[in-house]
Amino acid sequence: MSRKVTDKAVDSRPTRHHKTIIIGSGFAGLGLAIRLSQQGRDDYLVLERGSDVGGTWRDNTYPGAACDVPSHLYSYSFALNPNWSRSFSRQGEIQQYIQAVADKYQVRDKHLFDCDVTSARWNDTAAHWEIESSKGSFTADTVVSAIGALCEPALPDIKGINDFQGEIFHSARWNHDADLAGKRVAIIGTGASAIQIVPAIADKVASLDVYQRTAPWLLPRLDRPYTTPEKLAFKYLPGVQRLSRAAIYAARETQVVGLAKFPALMQAFELIARAKLRYEVPDPELRAKVTPDFRIGCKRMLISNNYYPALGRDHVDVITDGIAEVRANSIVAKDGTEREIDALVVATGFHVTDSPTYDTIAGRDGRTLSEVFDEIGQQGYKGSAVANFPNMFFLLGPNVGLGHTSMVFMIESQINYIADALATIDKQNLRTVEVRRDVQDDFNKDLQQKLSKSVWINGGCASWYLDKHGNNTTLWPDFTFEFRRLTKTFDVAAYATTPVSDTSRTETKVGASQ
Ligand code: NAP
């Protein structure tokens with residue numbers, strides 16, 4: 001997909017203006033919409049390209065899709081759900097939860113669904129954003145990008161793949177009309193999505209070829225259904241659910257010490273993972289193939305109890321020779337072996353540090369996010385602002401990602417920050433706010449210094465956490481409560497501002513507080 005900032009599309013519909021436009025309505029955009037409604041900041045609109053809320057949980061409907069973070073933590077703090085059916089929720093239940101929250105807080109009428117934003121361009125003279133979309137033109141004083149990092153499927157550049165004649169689809173665009181029963185199926189990739197798909201389809205297919213480039217580390221999935229007494233306790237004794245949430249949070253947070261600060265400590269997890277491998281993969285040949293060669297945690301640690309057993313089945317093959325080409329009805333491995341297939345599942349992840357959406361957003365000097373990131377790397381300030389993009393905020397921007405705990409915690413921290421930013425703009429009567437480049441540079445120097453000690457840099461793997469310069473521009477390298485502290489209030493001193501009455505930019509000279 002190629003989308004560029006284009007001249008204003010010819011559109012007879014009048015341009016509509018809103019104080020704030022939010023792009024995207026997954027956990028992040030929806031959460032901010034709810035906060036703005038609660039604060040009475042009603043002049044906002046959410047533009048969502050899908051036909052419902054939910055984001056990644058609406059889009060990832062592949063068989064076996066489920067969350068790796070326990071349900072009681074993977075939910076909004078202001079909308080706890082006592083009715084989770086099990087400790088780790090599946091996609092359908094999470095999507096129903098998000099839909100129910102949108103209904104409860106009555107924000108659906110603040111959404112424009114099936115509205116694909118094709119460009120957002122800052123107009124420095126008018127000091128507003130100009131947005132083009134499949135549903136016409138908009139202007140806004142402030143824009144919040146809540147697009148998320150895992151929304152643009154990455155398709156592998158493999159010779160012949162476009163000429164494949166059977167069913168072919170990406171894991172995040174599962175074709176439910178394609179019946180895989182009795183078919184010869186191949187899957188490319190062994191990441192978080194693939195390890196859920198493989199056991200979910202292994203029973204019904206005639207054969208399953210798993211094309212593995214890098215073996216992932218797997219830990220046990222401590223998933224179980226909640227009992228009726230537990231659910232009653234969650235419902236009638238809210239403290240119990242809060243306590244469960246706090247315990248999950250604390251347990252997960254301890255992983256930061258190994259992941260970000262002392263990677264050698266990750267060996268403790270490696271011991272568990274190796275024991276699991278020995279127990280669940282008795283065949284030494286297969287075990288050798290699926291044993292990772294990097295420090296656990298360097299790539300996302302995966303959890304599954306049924307992936308290895310599925311790989312051990314007679315009609316499932318793990319192929320590690322690499323793919324030379326895809327033909328009309330087969331895949332040829334680099335050792336020359338050709339294997340016939342009827343369907344191909346592409347579970348190769350997402351454009352994270354090179355999202356095509358970056359081509360569609362142009363800032364103060366007309367340069368797009370892609371062009372700016374090309375020069376300096378995918379850098380921002382507190383994951384929430386990027387220099388050169390005035391009056392624009394980001395939910396799930398650079399270095400906000402996590403591999404070990406709930407993204408909803410990070411999202412709620414950013415909602416605090418951005419909601420306070422919007423309130424500050426009103427209170428101080430500001431025309432523009434733009435994070436200062438020197439503040440952003442200092443922030444990133446500090447981030448990269450912290451990251452240099454992490455397992456993501458030192459663990460001996462390549463991963464989507466790293467950009468093309470080898471920098472980790474996706475993950476938060478510290479405790480999440482530290483991020484919560486940094487984003488508690490909007491630090492206007494870190495921003496260059498102009499007042500409403502003045503059209504020239506003023507640099508605030510006060511040192512930025514973090
Ligand atoms: P991913 O983690 O990026 O995995 C992509 C897989 O495809 C990797 O095994 C990768 O191999 C392989 N691959 C990529 N390009 C390839 C190529 N050209 N040829 C051969 N193999 C190729 O993607 P994902 O599994 O969709 O997961 C993405 C993220 O989504 C996760 O990290 C997680 O944050 C989230 N997620 C979460 C859950 C959950 O909570 N349970 C489930 C699904 C996804 P290499 O390792 O060698 O690059």
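Quantities reported herein were computed from a predicted structural model and do not represent experimental measurements. Both ligands and their constituent atoms are indexed starting at 1 by order of listing. Side-chain atoms are counted along with the backbone in the values below, which use heavy atoms only and exclude waters and symmetry mates. Along the sequence shown, residues carry numbers from 1.
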(request) Kindly compute the distance separating CD1 (Ile331) from CD1 (Ile319), expressed to the nearest 0.5 Å. (result) 7.5 Å
(request) Return the orientation label for the Trp174 and His176 ring planes: parallel under 30°, perpendicular over 60°, tilted otherwise. (result) tilted
(request) For the pair Arg274 and Glu270, find out whether any cationic side-chain nitrogen is under 4.0 Å from an anionic carboxylate oxygen. (result) yes
(request) Please name all residues satisfying ring pair (Phe, Tyr, Trp, His ring centres under 6.0 Å) with Tyr308, sequence neighbours left out, ordered by chain then number. (result) none
(request) Measure the distance from atom 2 (O) of ligand 1 to every protein heavy atom, then report the residue, atom name and distance (to 0.1 Å) of the closest one. (result) Trp464 NE1, 3.6 Å
(request) Have a look at Tyr465, Phe294, Trp57, Tyr62 and point out the one with the heavy atom closest to atom 42 (C) of ligand 1. (result) Tyr62
(message) As a test of understanding, state which of Trp84, Phe88, Trp57 forms a ring-ring contact (aromatic ring centres under 6.0 Å, His included) with Tyr74.
(response) Trp57
(request) Can you pull out the closest protein heavy atom to atom 4 (O) of ligand 1? Residue, atom name and distance to 0.1 Å, please. (result) Gly191 CA, 3.6 Å
(request) Note the single closest protein heavy atom to atom 24 (P) of ligand 1, along with its residue, its atom name and the distance in Å. (result) Ser193 OG, 3.4 Å
(request) Measure from atom 47 (O) of ligand 1 to every heavy atom in Ile94, Thr214, Asp68, Ile161 and give the option owning the shortest one. (result) Thr214
(message) Considering non-hydrogen atoms of the protein only, which is the closest contact for atom 39 (C) of ligand 1, and what is the distance?
(response) Ala66 O, 3.4 Å
(message) At less than 4.0 angstrom from any non-hydrogen atom of Thr190, what atoms of ligand 1 do you find?
(response) 6 (C), 8 (C), 9 (O)
(message) Please list the nearest protein heavy atom to atom 30 (O) of ligand 1 with its residue and the distance rounded to 0.1 Å.
(response) Leu150 CD1, 3.3 Å
(message) Give me the residue, atom name and distance of the protein heavy atom closest to atom 23 (O) of ligand 1.
(response) Gly349 CA, 3.1 Å
(message) With respect to Gln196, determine whether any N or O atom, backbone or side chain, lies less than 3.5 Å from an N or O atom of ligand 1.
(response) yes
(request) Check whether the ring centres of His72 and Phe234 lie less than 6.0 Å apart, and answer yes or no. (result) yes
(message) Run the side-chain hydrogen bond (donor to acceptor under 3.5 Å, both in side chains) test against Asn60 and tell me which residues pass, sequence neighbours left out.
(response) Thr56
(request) Going by heavy-atom distance to atom 19 (N) of ligand 1, choose the closest among Lys299, Met407, Arg213. (result) Arg213
(request) May I ask you to identify the nearest protein heavy atom to atom 12 (C) of ligand 1, giving residue, atom name and distance to one decimal place in Å? (result) Gly189 CA, 3.7 Å
(message) Contact between ligand 1 and Tyr211 is defined here as a heavy atom of the residue under 4.0 Å from a ligand atom; is it met?
(response) no
(request) Measure from atom 21 (N) of ligand 1 to every heavy atom in Ile187, Ile188, Leu302 and give the option owning the shortest one. (result) Ile188
(request) Anything under 30° is parallel, anything over 60° is perpendicular, the rest tilted; go ahead and classify Phe78 against Tyr105. (result) perpendicular
(request) Return the residue, atom name and 0.1 Å-rounded distance of the protein heavy atom closest to atom 6 (C) of ligand 1. (result) Ala347 O, 3.3 Å
(message) Check Glu93 with Arg90, please: is the shortest side-chain N to carboxylate O separation under 4.0 Å?
(response) no
(message) Any salt bridge linking Lys183 with Glu340? Criterion: basic side-chain nitrogen under 4.0 Å from a carboxylate oxygen.
(response) no
